[in-house]
Structures are given as C-alpha cells and as structure tokens.
Participant: 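There's a structure below that I have some questions on.
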Protein chains: 2
Amino acid sequence: MALNDRKIQILKAIINDYIATAEPVGSRTLAKKYDLGVSSATIRNEMSDLEDMGLIIQPHTSAGRIPSELGYRLYVDRLMNTSELTPKEQEFLHSVVSGNITKIEYLMEETAKAISMLTNYTTIISEPILKRTALKQIRLMPLDESAIMLIIVTEGNFVKNHIIRVNIAPSDEDLFSVSVKINNILKGHTLEDINEHTIMALQKELKEYSGLLKPVLKAVQKTIRSAENVHLHMSGAKNILTFPEFSDISKATEIFRAFEEKNNLVSLLEDAKSNDIRILIGNEINIKEMKDCSVITTTYNMGENTKGSIGIIGPTRMNYNQVVSVLNEMVKNIENVLKTVPDGKNT
Amino acid sequence: MALNDRKIQILKAIINDYIATAEPVGSRTLAKKYDLGVSSATIRNEMSDLEDMGLIIQPHTSAGRIPSELGYRLYVDRLMNTSELTPKEQEFLHSVVSGNITKIEYLMEETAKAISMLTNYTTIISEPILKRTALKQIRLMPLDESAIMLIIVTEGNFVKNHIIRVNIAPSDEDLFSVSVKINNILKGHTLEDINEHTIMALQKELKEYSGLLKPVLKAVQKTIRSAENVHLHMSGAKNILTFPEFSDISKATEIFRAFEEKNNLVSLLEDAKSNDIRILIGNEINIKEMKDCSVITTTYNMGENTKGSIGIIGPTRMNYNQVVSVLNEMVKNIENVLKTVPDGKNT
DNA sequence: AGTTAGCACTCAAATAAAGTGAGTGCTAAC
DNA sequence: GTTAGCACTCACTTTATTTGAGTGCTAACT
C-alpha cells in the first residue's frame with residue numbers, strides 16, 4: 001500500500017490533533033476541523049489503511065485513532081515541519097544565559113529551569129565532562145594556624161578545593177614556593193599520569209614539607225576522579241503530573257522512580273553522542289518505566305574535548321517540533337556564553 | 001469536661017491508628033484492636049466527649065473519627081512517646097555522613113536524601129549561613145596567557161572563584177605579591193566594611209595592575225552577597241505522592257507548586273530559630289497550599305555564628321515520633337562531622 | 001454512677017443496570 | 001474513487017440499589 005499524499009496529510013492531522021488534545025481522533029473530527037476536501041467516510045477508509053500500515057492504533061473498537069510509535073517515528077523523521085520560536089521566547093531563553101552567572105552549575109540549573117518552563121516538559125542537563133581531566137594549576141594557601149587550603153584548577157577551569165590539616169602551617173611565602181614546585185611537576189598530568197616517577201619527584205621537592213605530600217596527592221586524586229563524574233541537573237519533573245496520560249498516580253510514581261536512578265538519566269543523555277538532535281520514542285528508550293515517554297537529546301560544546309548534553313522528557317505525545325526549536329536555540333545560547341565569557345566555571 | 005486517663009488513652013489510640021492506616025477509626029475497631037478494657041459503647045461515649053472538646057473530628061455522620069489539628073497538637077506536646085531508632089537505622093544515618101564527603105553541598109544533599117529515604121517524607125536542608133560574612137583569604141593565580149583566577153575564601157572556609165580576563169597576565173610571582181597586598185587590606189572585612197578608604201588603599205597598592213582593581217572588587221562583592229544567600233537542598237518531594245491524602249493529582253500539584261517557591265521553604269526553615277525541635281501542624285504553617293501538611297524543623301550548628309536548618313514535611317498524619325528521633329540523630333551526626341573534620345567546605 | 005447490649009438510623013462506597021454518543025466498518029449508489 | 005446511510009460497538013456517564021461500618025440513643029444491668 002502506498003503512502004500517498006492524502007494519507008500523509010491525514011496522518012499529520014491525526015498526530016497534530018492528538019498532540020494538542022490527548023484524545024483519540026475520529027474521522028468526523030478530522031473532516032470538520034481540517035480542510036481535507038473529502039468526506040469523513042473517505043477519511044475512514046484512509047485511516048483504515050493507515051492502521052493496516054501500523055502508523056495509527058485504535059485503543060478500542062468504538063474509539064478514534066492515536067498515533068503508534070511507528071507513526072511518531074515517521075512524523076519526526078519526515079513529516080514534522082520545523083518552526084521558529086517567537087521573538088518573545090527567544091528573548092526569554094536568551095535572558096537566562098545573559099544574566100550574571102558565576103558558576104557553571106548555576107548556568108545549568110537556570111537553563112534547565114528555563115527549558116522546562118517554556119516547554120512544560122522535564123529537562124535534564126549534564127555538566128560538561130572532560131574526556132581527559134588534566135591539572136592546570138595547583139596552589140596552596142594559608143587558612144589559619146592549623147589548616148591550609150589546596151586549590152586545584154583542572155583543564156576547562158574547573159576549580160576544586162580541599163582543606164588540609166597540618167601541625168604548623170608553613171608561611172605564606174613557603175606555601176607559594178611549594179605550590180610552584182608541585183605545579184611544575186603535576187601540571188598537565190591526568191590521574192593515570194601520576195606514577196612512581198612523579199611521586200618521587202614530588203618527594204624530592206617537598207623534602208622540607210613531607211607532611212604535605214600525602215594529603216596533597218590524595219586531594220588531587222579525589223579531584224580528578226570527581227571531575228570525571230557526570231553531574232546532572234534536572235528541572236520540571238513535576239510537569240509530568242500535568243499530562244493526562246500520567247494522571248494515574250501509579251504511572252507518575254513509576255516515572256519518578258525511573259528519574260531517581262541516576263544511571264537511567266546518564267544513559268539517556270549518553271545516547272546524545274553526535275551533535276545532532278536525537279529523538280527516542282516510547283520503547284526506543286530502554287527504560288521500561290518510561291515506555292510512554294519520549295526523549296529528545298542534544299549536546300553542547302565547550303571547548304574541544306568538553307561537551308555536555310541536554311535532554312527533554314515528555315509523553316510520547318510531546319510537541320516534538322517546539323522542543324527541537326527550543327533545544328537548538330538554547331544550545332546556541334549556551335555555547336555562546338561558554339565561548340565568549342568563560343567566566344568562573346567551577347564544580 | 002475533664003481529660004481523664006481513659007480519654008487520653010483513647011485519643012492516643014485514635015491518633016496512632018490513624019497515623020498508621022489513614023482511615024477514620026471507629027469505636028469497634030478501637031475496642032477490638034486496643035486493649036482498653038471497656039466496650040465499644042463506652043468508647044463511643046468517650047469519643048463523643050473528645051469530639052466536643054475539639055480533639056477529634058467526624059468526616060461525615062457514618063464514619064469513624066480522625067484527629068483534629070488540636071488533637072495532633074495535644075499529642076505532640078504531651079502524649080507522644082519518644083522512641084529510639086533501631087541500631088540499623090542509626091547505622092544507616094551514620095554511614096551517610098561518614099563517607100568521603102568533600103563539599104558541604106554534597107553532605108547536605110546526602111543528608112536530605114537519607115532522611116527522606118528513612119522517613120518517606122520530604123526533606124529540606126538549608127546550608128549553614130554566615131551571620132556576617134568576612135573575607136579570610138584572597139588569592140590570584142595564573143590560568144593562561146589572557147586569564148587569571150581570583151580565589152576568595154570567606155569565614156567558614158567557603159570558597160568562591162572568578163576568572164578575570166586581562167590583556168597580559170602578570171607573572172606568577174607578581175600575582176602572588178599582589179595577592180598578599182590585597183589580602184592585607186581586605187582580610188577580615190565584610191561587604192559594608194568596604195568603603196572609600198579601603199578602595200583608595202587598594203588603588204594605591206595596585207597602581208601597576210590597575211586593570212585588576214575593578215574585577216577584583218566586583219568579584220568580592222558578588223562572593224559576599226552570594227554567601228549571604230540561603231542555599232537549599234530538597235529531597236524526596238515525590239514521596240508526597242505516596243500518601244492517600246494527596247492521591248488526588250490536583251492536591252499533589254498544589255503542594256509541589258508551594259515547594260517551588262523558594263521563599264516558602266526558607267520561611268518554613270526560619271521558624272526553626274531555637275535549637276529545639278519545632279513542629280508546625282496544618283494551618284499553623286502559613287502556606288495555604290500546605291494546610292494538610294505538617295513540618296518538623298530543627299537547626300544544626302557549625303561553629304559559633306553558623307547554623308543551618310533541617311525540615312521534614314509530611315501529611316498532618318505524619319509519624320511525629322519517628323521523625324523527631326531521626327532529626328535528633330542526624331543533627332548529632334552532622335554536627336560531629338562539621339566539628340571534627342571541617343574538610344573542604346565550599347559554596 | 002458508670003457501663004453495656006440492643007437497635008434504628010445514616011451515609012460513603014461498592015455494585016449493578018440503563019442510557020448516551022462518538023466512532024467504526026460495510027454496503028450500495030453516485 | 002467517493003460518499004451517504006445505517007447497523008453495530010463499547011467506553012463513559014448517569015441513576016438506582018445494595019452493603020456495611022459507624023453512630024447516637026435508650027433501657028437494663030452492675
């Protein structure tokens with residue numbers, strides 16, 4: 001059976017209507033609401049064909065049709081028309097990143113919030129993760145009589161700090177020169193780079209302050225490890241409750257439970273490997289609790305090796321068109337901010 | 001009408017039963033389930049009295065009774081027996097804080113998560129807030145050719161950092177000596193302390209690097225301001241959905257909406273002024289969306305002027321007894337950690 | 001006096017029955 | 001190939017009926 005123009009037109013109408021109303025749509029509704037130029041009976045015949053092709057489904061005998069996953073797939077791949085955001089929406093999204101954002105965490109937080117506000121879906125964002133976390137700067141500074149602070153800046157200007165307890169705090173100047181020495185040795189190294197050789201070199205340099213070696217090394221390790229972890233931000237999870245498909249508390253709870261499992265979210269975002277926008281529909285998501293959801297993901301870049309992902313989660317009946325536009329716009333914004341004003345990144 | 005022993009016994013039984021089952025409890029149930037030594041008819045008479053006294057309520061004519069807010073008030077003030085946590089529970093709570101926690105944010109996050117897991121209620125925690133944020137250390141360090149980083153440590157060892165773009169980055173040594181100079185002038189100062197005099201002094205010291213003055217001052221201001229902000233952590237909001245009193249989606253959504261308003265949560269926690277445990281029941285909470293909830297709050301100390309709060313939110317029918325025990329235990333744990341190993345606090 | 005058995009009464013909730021309407025598939029005519 | 005017409009289906013709504021937990025009151029008992 002061929003998927004002629006009229007069939008496509010009808011399928012599009014069904015999907016658009018269902019996205020808007022969440023109600024199965026019948027032939028009469030289509031005939032009245034959309035200017036298809038044929039009678040409901042004809043539409044009925046076409047719908048019957050579409051159902052045979054697996055693109056739409058009848059929930060029960062005397063109901064209208066709803067799109068199947070296959071139908072959505074066809075829709076997002078070939079039928080969906082992309083639209084521009086309104087100037088107001090663009091401005092809103094832009095205002096979020098243009099504010100005085102001092103920490104990358106806040107930027108992520110705000111971005112997630114903005115997207116979920118605009119779309120009414122749930123947003124998750126992963127902070128940029130460094131492929132190979134190298135140390136950029138290591139510095140010791142005095143805190144008080146019995147404590148000094150270790151500051152570590154990694155590639156990408158992520159800052160970490162650790163307090164080190166000591167018996168007698170070395171002088172400011174001593175700490176500075178120790179810092180410079182450590183720095184010379186560890187700078188540019190990653191965790192696996194730190195071997196016996198580097199440690200020996202450190203031992204030699206820190207002869208006078210041998211008590212510092214161990215805590216410093218430990219802190220450095222911790223830092224690199226943590227920088228290699230994925231940090232997630234989520235916003236608008238409660239929006240799930242606003243969709244009639246999840247008005248059953250047990251369904252909502254199920255999804256929330258899936259959200260709680262960090263691995264789930266990470267794996268969702270990891271699907272966003274390429275820079276393109278990726279769409280997973282229903283069971284294409286490999287998380288059974290989310291079989292009635294769709295996820296749209298993409299990545300944003302922040303320097304060469306550093307990229308994070310954004311994912312938007314909604315019912316399969318989500319507004320794919322809008323979400324894609326929002327994602328594109330927001331990625332543009334974020335990349336701009338991260339490129340032009342890499343101000344105060346931190347973890 | 002006197003509140004004799006038997007009435008108290010019956011009231012306690014009603015409240016305990018209702019907390020456990022969420023079902024209105026009738027005279028027959030009480031007579032069967034609890035060993036009160038009298039018949040259901042007698043209990044009925046007493047219940048009638050308790051209702052006259054406003055301690056219990058009949059949702060409708062042919063239903064059992066449920067506690068009124070007044071009833072709960074009496075219960076938590078005078079009737080409730082406190083119980084110990086099981087060793088297992090204690091161990092669980094302890095394991096949370098004893099892990100390798102490098103940042104105060106994570107400690108808070110984990111604590112909130114643990115409490116809400118154990119109690120099944122929603123937990124909010126405010127990070128310790130400094131009464132008067134003073135600067136402790138200010139340091140500049142090189143990043144690359146055109147950027148240096150400003151590190152600021154405030155009283156309480158909170159660390160902030162800002163990247164400053166420059167045309168030509170001064171040398172490491174120069175930055176060190178500039179740091180020491182700035183430090184000498186600003187150390188110990190709070191925001192309102194920074195006046196023309198200090199700025200003049202800075203201008204003089206930074207003659208050679210006048211381009212640094214403005215960004216440094218701006219960053220310092222930002223830092224202090226942000227440190228004076230309340231940072232909140234919330235966990236287990238979705239637990240709300242598990243209670244039959246909120247099984248109506250619209251009720252749940254209402255509460256979630258209230259949760260979204262940060263001011264609401266802050267004001268809840270601010271009620272926890274004293275070190276004691278405070279309990280707010282139903283309408284005692286001044287947030288109308290939360291009139292069917294109760295909140296139990298307390299504070300924890302971290303050094304003299306630094307204290308944060310923990311709040312647990314559940315239905316009015318919450319397990320006050322358990323929550324109080326958990327809170328007490330957890331505060332003990334947190335204070336221990338913050339006292340003995342004040343390691344790597346950060347904001 | 002206080003307690004209790006007995007009983008009529010109430011009313012939410014569960015169950016059953018009847019009615020409604022949007023939607024379908026099929027047929028026959030255009 | 002298209003469409004009007006019609007019988008049929010079935011979720012949903014409405015209305016009626018039944019059920020049962022719980023109450024308050026009264027009269028008898030200790």
Side-chain angles (χ1 to χ4, degrees), chain A residues 1-11 13-15 17-18 20-68 71 244-245 247-248, chain B residues 1-11 13-15 17-18 20-68 71 244-245 247-248:
Chain A
M1 203 172 327
L3 196 60
N4 61 29
D5 246 27
R6 193 167 65 192
K7 281 198 177 59
I8 288 184
Q9 222 185 337
I10 291 176
L11 179 59
I14 293 175
I15 296 185
D17 203 79
Y18 186 66
T21 66
E23 295 289 337
V25 351
S27 53
R28 248 174 71 83
T29 318
L30 283 176
K32 264 189 288 182
K33 234 164 128 177
Y34 300 85
D35 198 21
L36 296 166
V38 290
S39 79
S40 67
T42 310
I43 296 176
R44 254 194 313 279
N45 291 332
E46 296 286 36
M47 284 169 83
S48 175
D49 289 353
L50 287 171
E51 184 163 17
D52 287 344
M53 298 163 81
L55 296 171
I56 55 179
I57 288 171
Q58 206 171 3
H60 57 84
T61 334
S62 64
R65 307 297 214 294
I66 62 174
S68 69
E245 35 266 89
S247 67
D248 184 0
Chain B
M1 203 174 327
L3 195 62
N4 59 31
D5 247 28
R6 194 168 64 193
K7 282 196 176 60
I8 288 184
Q9 223 186 335
I10 290 175
L11 178 59
I14 292 175
I15 295 184
D17 204 78
Y18 186 66
T21 66
E23 295 289 337
V25 350
S27 52
R28 248 173 71 84
T29 317
L30 284 176
K32 263 189 286 182
K33 233 163 130 179
Y34 301 86
D35 197 21
L36 296 166
V38 290
S39 80
S40 68
T42 311
I43 295 176
R44 252 191 319 276
N45 291 332
E46 297 285 37
M47 283 169 84
S48 177
D49 290 352
L50 286 171
E51 185 164 18
D52 288 344
M53 297 164 81
L55 296 170
I56 55 180
I57 288 172
Q58 206 172 5
H60 57 85
T61 333
S62 65
R65 308 296 214 294
I66 62 173
S68 69
E245 34 267 88
S247 68
D248 183 0

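Remember, it's a predicted structure, so these values are computed and weren't measured experimentally. All values below were derived from every heavy atom in this structure, side-chain atoms included, with hydrogens, water molecules and symmetry-related copies excluded.
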Participant: Using atom CD of A:Glu46 as one end and atom C1' of C:dT24 as the other, report the distance to the nearest whole Å.
Facilitator: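 Atom CD in A:Glu46 sits about 16 Å away from atom C1' in C:dT24.
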Participant: Nearest heavy atom decides the nucleotide; on that basis, is B:Ala63 or B:Ala41 closer to the 5' end of DNA chain D?
Facilitator: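 Its nearest nucleotide being more 5', the pick is B:Ala63.
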Participant: Could you tell me the separation between the CD1 atom of A:Ile43 and the C1' atom of D:dA4, rounded to a whole number of Å?
Facilitator: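 Those two atoms, CD1 and C1', are 14 Å apart.
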Participant: Any side-chain heavy atom of A:Met47 within less than 4.5 Å of one from A:Leu30?
Facilitator: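 Answer yes - side chains close enough.
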Participant: Check salt bridge (charged side-chain N to carboxylate O under 4.0 Å, His left out) between A:Lys33 and all other residues, then give those that pass, not counting sequence neighbours.
Facilitator: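 Result, salt bridge (charged side-chain N to carboxylate O under 4.0 Å, His left out) vs A:Lys33: A:Asp17.
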Participant: Could you list all N or O pairs between the protein and nucleotides 28-30 of chain C that sit under 3.5 Å apart?
Facilitator:
none

Participant: Identify which nucleotide among D:dG22, D:dT3, C:dT24 has an atom closest to any side-chain atom of A:Ser27, counting heavy atoms from C-beta outward.
Facilitator: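 Selected nucleotide: C:dT24.
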Participant: Which whole-number value in Å describes the distance from B:Glu51 CD to D:dC25 P?
Facilitator: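 The distance from CD of B:Glu51 to P of D:dC25 comes to 12 Å, rounded to the nearest Å.
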Participant: For the CG atom of B:Asn45 and the OG atom of B:Ser40, what is their distance to the nearest 0.5 Å?
Facilitator: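 Result: 9.5 Å between the selected atoms.
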Participant: Roughly how many Å is it from CD1 in A:Ile57 to C1' in C:dG23, rounded to a whole number?
Facilitator: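 Going from CD1 in A:Ile57 over to C1' in C:dG23 covers 17 Å.
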Participant: State, with a plain yes or no, whether a side-chain heavy atom of A:Met53 is found less than 4.5 Å away from one of A:Lys7.
Facilitator: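 They are in side-chain contact.
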Participant: Taking CG from A:Leu36 and C1' from D:dT2, how many angstroms apart are they, rounded to a whole number?
Facilitator: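 Spelled out: CG on A:Leu36 to C1' on D:dT2 is 14 Å.
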Participant: I'd like to know if A:Arg44 reaches the base of C:dG25 with its side chain, counting only an N/O donor and acceptor under 3.5 Å.
Facilitator: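 Indeed there is one.
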Participant: Between atom CZ of B:Arg44 and atom CD1 of B:Ile10, what is the distance when rounded to the nearest 0.5 Å?
Facilitator: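 Those atoms lie 11.5 Å apart.
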Participant: Tell me which pairs pass salt bridge (Lys or Arg N to Asp or Glu O under 4.0 Å) where either residue lies in residues 57-68 of chain B, with sequence neighbours left out.
Facilitator: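 Applying salt bridge (Lys or Arg N to Asp or Glu O under 4.0 Å) to every pair that reaches into residues 57-68 of chain B, excluding sequence neighbours, yields B:Glu51-B:Arg65.
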Participant: In whole angstroms, how far is the P atom of D:dG22 from the OH atom of B:Tyr18?
Facilitator: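 Result: 14 Å.
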Participant: Just by modelled atom types, is the A:Ala63 backbone N or O under 3.5 Å from a matching donor or acceptor in the A:Gln58 side chain?
Facilitator: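 Yes; judged by distance alone, with no hydrogens or angles, the pair exists.
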Participant: To the nearest 0.5 Å, what is the distance between CG (A:Leu55) and CG (A:Leu3)?
Facilitator: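 It is 6.5 Å, given to the nearest 0.5 Å.
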Participant: For the pair made of CZ in B:Arg6 and P in C:dT4, what is the distance, rounded to whole Å?
Facilitator: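 Rounding to the nearest Å, CZ of B:Arg6 and P of C:dT4 are 8 Å apart.
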Participant: Could you tell me which non-hydrogen atom of A:Val38 sits nearest to which non-hydrogen atom of A:Ala31, and how far apart they are?
Facilitator: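 Looks like O-CB, 4.4 Å.
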Participant: Whole angstrom is fine here: how far is it from CD1 in B:Ile66 over to P in C:dA12?
Facilitator: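 These atoms are roughly 14 Å apart.
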Participant: Working to the nearest 0.5 Å, report the span between CG of A:Leu11 and OG of A:Ser68.
Facilitator: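 The CG atom of A:Leu11 sits 8.5 Å away from the OG atom of A:Ser68.
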Participant: Could you please name the option among D:dT2, D:dT23, C:dG25 that lies closest to any side-chain atom of B:Arg65?
Facilitator: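 The listed nucleotide nearest to B:Arg65's side chain is D:dT23.
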Participant: Go through DNA chain C and write down every stem, that is, every run of at least three consecutive Watson-Crick or G-U wobble pairs with distances under 3.5 Å, as range with range.
Facilitator: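 So far as stems of 3 or more pairs are concerned, DNA chain C shows C:2-30 with D:1-29.
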Participant: Here's a test for you: under side chain to side chain contact (heavy atoms under 4.5 Å, CB included), which of A:Val25, A:Ile56, A:Ile14, A:Ile57 qualifies with A:Ile66?
Facilitator: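 For A:Ile66, the side chain to side chain contact (heavy atoms under 4.5 Å, CB included) check succeeds only for A:Ile57.
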Participant: State which of C:dG25, D:dT23, C:dT4 makes the closest approach to the side chain of B:Met47.
Facilitator: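 It is D:dT23.
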Participant: Between the protein and nucleotides 11-21 of chain D, list every N/O to N/O distance that falls short of 3.5 Å.
Facilitator:
none

Participant: Name all residues meeting the side chain to side chain donor-acceptor pair (under 3.5 Å) criterion together with A:Arg6; count only those two or more places apart in sequence or in a different chain, and write none if there are none.
Facilitator: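 For A:Arg6, the residues satisfying side chain to side chain donor-acceptor pair (under 3.5 Å) (neighbours in sequence not counted) are A:Glu46.
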